[in-house]
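Structure first, commentary second.
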Number of protein chains: 2
Amino acid sequence: MKVQKEMVREINEAKIIEAAEIIFAQFGFKGATMDKISKQAGLPKANIHYYFKTKSLLYQVVLERILQEWMIAAQVFDNHQEPKIAITQYIESKMQFSRTRPYASKVWANEVMHGASVVGKFLETTFKTWLEARIKVVNEWIDSEKIYPIDANAFFYMIWSMTQHYADFEKQLEILNDGHPFTEQEFNNQTAQVVNLVLTSVGLGKK
Amino acid sequence: MKVQKEMVREINEAKIIEAAEIIFAQFGFKGATMDKISKQAGLPKANIHYYFKTKSLLYQVVLERILQEWMIAAQVFDNHQEPKIAITQYIESKMQFSRTRPYASKVWANEVMHGASVVGKFLETTFKTWLEARIKVVNEWIDSEKIYPIDANAFFYMIWSMTQHYADFEKQLEILNDGHPFTEQEFNNQTAQVVNLVLTSVGLGKK
DNA sequence: GTCTATACGTTGATAGAC
DNA sequence: GTCTATCAACGTATAGAC
């Protein structure tokens, strides 16, 4: 019996976290209400409070899940030594994240825009450490003249901004795309454009 | 006497709009309270309601001001026929906007991320028209082989995302920049990096 | 035009029956 | 573990004195 109860808990917590991510993404932290989240999750409001004591705590848990996924996507950068492959796969992985997890990206953007008071610590520690190591790699590519000399920090900022733009500004892109969201093909084309722009800019373009 | 009253109105409205922009940027629409705005403006809360009947109306006015400024910044693109100069100046102008008006950029990002329910109409009309005309210009550059063939839409999306990133993700960049905001010099360097990345990617790089 | 006091709605959180 | 009823806090908006 105990096992079954634990399973109920796991299932419900997962349901709630997923629902919360959607609502936080659409309305921001303040704009999201426990009532909206409960309806999105298909559970009574009181149950949300039963599983997550407070709204702030639920928000933190949602962010933690996003951080984990980000770190996993980040690992792709280390899969290959060859700059062209590493950069291509990293961009494609980030674009895929924007495509499949737009809500996660928006929650993140919201959190950072409003001061990063919850994820600030993570940025200062784990994230900064990750970035510094990758910057070393990029600088080695520059030293061995595999790519053009660039500011490695700016290089990453630009990849992040371009790829996340497709999630965070989804609605704007949809409107400019004659009112309909990108098809799979259109999105793949946009991905190719980002890859091409970045590769060309560091001297790894096609011809 | 009537003139003086009108001046009082103008001055106070300006004060309130400016304050509201800051608060909306920092807390989002829901998170912003009339109380916070009034304190930021240095006026009693009731006066905010006297000048702007509702919070929604104030929000709309704040967004309208931002739209106006955007269109002005957009004009820079038409100042020169030569692609290298036009692109460079457009990027620099957008970066300057991010630098001097980060709150405006954040309010915009927030609005679009949460569904663009207020600025949607503007995007569908004025903005889309502006973009289509500029895309024609870029495609002419491609046809006359002045720049590499690229997807003109994606080209603009990338410029917007990279430049706005410096406003919207200010806090993240600050943390990664050893905890302090970009100095004037550092920001100018980032601007140069963006310009260089874009120019190089379309075949207008230095050498 | 300014400001205090307040009405009214919404929302986060809990109590307590099942 | 589920759910209804309810409370307390907060926030928008207004009334009405100055």
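Residue numbers start from 1 in every chain, and the chains themselves are labelled A, B, ... in the order their sequence lines are given, proteins ahead of strands. Computed over heavy atoms, backbone and side chain alike; hydrogens, waters and symmetry mates excluded.
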Check the distance between C/dG9's P and B/Met34's CE and give it to me in whole angstrom.
19 Å
Whole Å only: how far is the CZ atom of A/Phe29 from the P atom of C/dT11?
14 Å
Taking atom NZ of B/Lys30 as the centre, does the number of heavy atoms from other residues, nucleotides or ligands within less than 6.0 Å exceed 12?
no
Counting side-chain heavy atoms from CB outward, which of D/dT2, D/dT12, C/dT11 is closest to A/Asn12?
D/dT2
At a heavy-atom distance below 4.0 Å, what parts of residues 43-58 of chain B sit against DNA chain C?
B/Pro44, B/Ala46, B/Asn47, B/Tyr50, B/Tyr51
Cation-pi check, B/Arg134 onto B/Phe77 ring (under 6.0 Å, within 45° of axis)
no
Using distance alone, with no hydrogens and no angle criterion, decide if A/Asp151 and B/Asn189 have a side-chain donor and acceptor under 3.5 Å apart.
yes
More than 12 heavy atoms of other residues, nucleotides or ligands under 6.0 Å from CD of B/Glu69: yes or no?
yes
If I take atom CD1 in residue B/Ile23 and atom C1' in nucleotide D/dT12, what distance separates them, rounded to the nearest angstrom?
16 Å
Distance-only check: which donor-acceptor pairs under 3.5 Å involve side-chain atoms of residues 105-113 of chain A, not counting sequence neighbours?
residue  : atom : partner  : partner atom : Å
A/Ser105 : OG   : A/Asp168 : OD1          : 2.8
A/Lys106 : NZ   : A/Glu170 : OE1          : 2.7
A/Trp108 : NE1  : B/Gln172 : OE1          : 3.2
A/Asn110 : OD1  : A/His114 : NE2          : 3.0
A/Asn110 : ND2  : B/His114 : NE2          : 3.4
A/Glu111 : OE1  : A/Tyr59  : OH           : 2.7
A/Glu111 : OE2  : A/Ser117 : N            : 3.3
A/Glu111 : OE2  : A/Val118 : N            : 2.7
A/Glu111 : OE2  : A/Val119 : N            : 3.0

Starting at atom CD1 of B/Ile16, determine the distance to atom C1' of C/dC3, rounded to an integer number of angstrom.
14 Å
Can you check the A/Lys39 NZ to C/dT11 C1' distance for me, whole Å?
12 Å
Rounded to whole Å, how long is the line connecting atom CG of B/Asp35 with atom P of D/dT12?
8 Å
What is the distance, rounded to the nearest whole Å, between atom NZ of A/Lys30 and atom C1' of C/dT10?
10 Å
Consider the side chain of A/Val8, meaning its heavy atoms from C-beta on, and name the nucleotide among D/dT12, D/dG1, C/dT11 that approaches it most closely.
D/dG1
Nearest-Å distance, CE (B/Met7) to P (C/dG1)?
13 Å
Is it true that A/Glu132 and A/Lys136 make a salt bridge, defined as a side-chain N closer than 4.0 Å to a carboxylate O?
no
